[in-house]
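Counting from 1, the numbers follow the sequence of the chain as shown.
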Amino acid sequence: MRFSLFFLIILLTSISHFTSAQSTYFIKYKSDVSLAEVEQKVQQDQFVPAGIQLRLQSETKSVDHLAKGIAKADEVIGRIIKITFTDDVDESQFLQLKNSGHWRKFRHLTHGM
């Protein structure tokens, strides 16, 4: 009986862990955005350009450099950041930000945790 309860708890915990969705976006800033500015955005967990309002229905889980910052000093790869949200985020909101002219491109991935 003890083992059955234990395995039931483990099963429920793992199911809830894998059913939670999160969204990940990779953003590449344009070359006129300095690497120092990109670093500042990562340090402040901020990716929205100053003066632009963005309402998301999900919290930002993390803002990191691509590949955990291994190539953050590289002029091209250092401009790519990874943004992870706790839930799904509508891609159309990111299209509006891309059209504002601050980003070169972005890529969206949705997956379970």
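Within the model, atoms CD1 of Ile77 and NE2 of His65 stand 13.0 Å from one another, a figure rounded to the nearest 0.5 Å. A distance of 9.0 Å separates CD of Glu75 from OG of Ser31, quoted to the nearest 0.5 Å. A distance of 9.0 Å separates CD1 of Ile83 from OG of Ser62, quoted to the nearest 0.5 Å.
Here salt bridge (charged side-chain N to carboxylate O under 4.0 Å, His left out) pairs that include residues 38-51, with residues two or more places apart or in two chains, are Glu39-Lys72.
Summarising the local packing, CD of Gln44 is surrounded by more than 12 heavy atoms from other residues, nucleotides or ligands at distances under 6.0 Å.
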**OP:** Go through the steps for Leu35 and Arg79 under the test side-chain contact (heavy atoms from CB on, under 4.5 Å), then give the verdict.
**Re:** CA-CA 7 Å; Leu35 291 176; Arg79 298 184 193 290; 4.0 Å; yes
Original post:
Yes or no on side-chain contact (heavy atoms from CB on, under 4.5 Å) for Thr24 and Lys82, after CA distance, side-chain angles and deciding distance?
Top reply: CA-CA 7 Å; Thr24 301; Lys82 175 185 170 188; 3.7 Å; yes
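Nearest heavy-atom pair, Phe47 versus Tyr29, reported as atom, atom and distance to 0.1 Å: O-OH, 3.1 Å.
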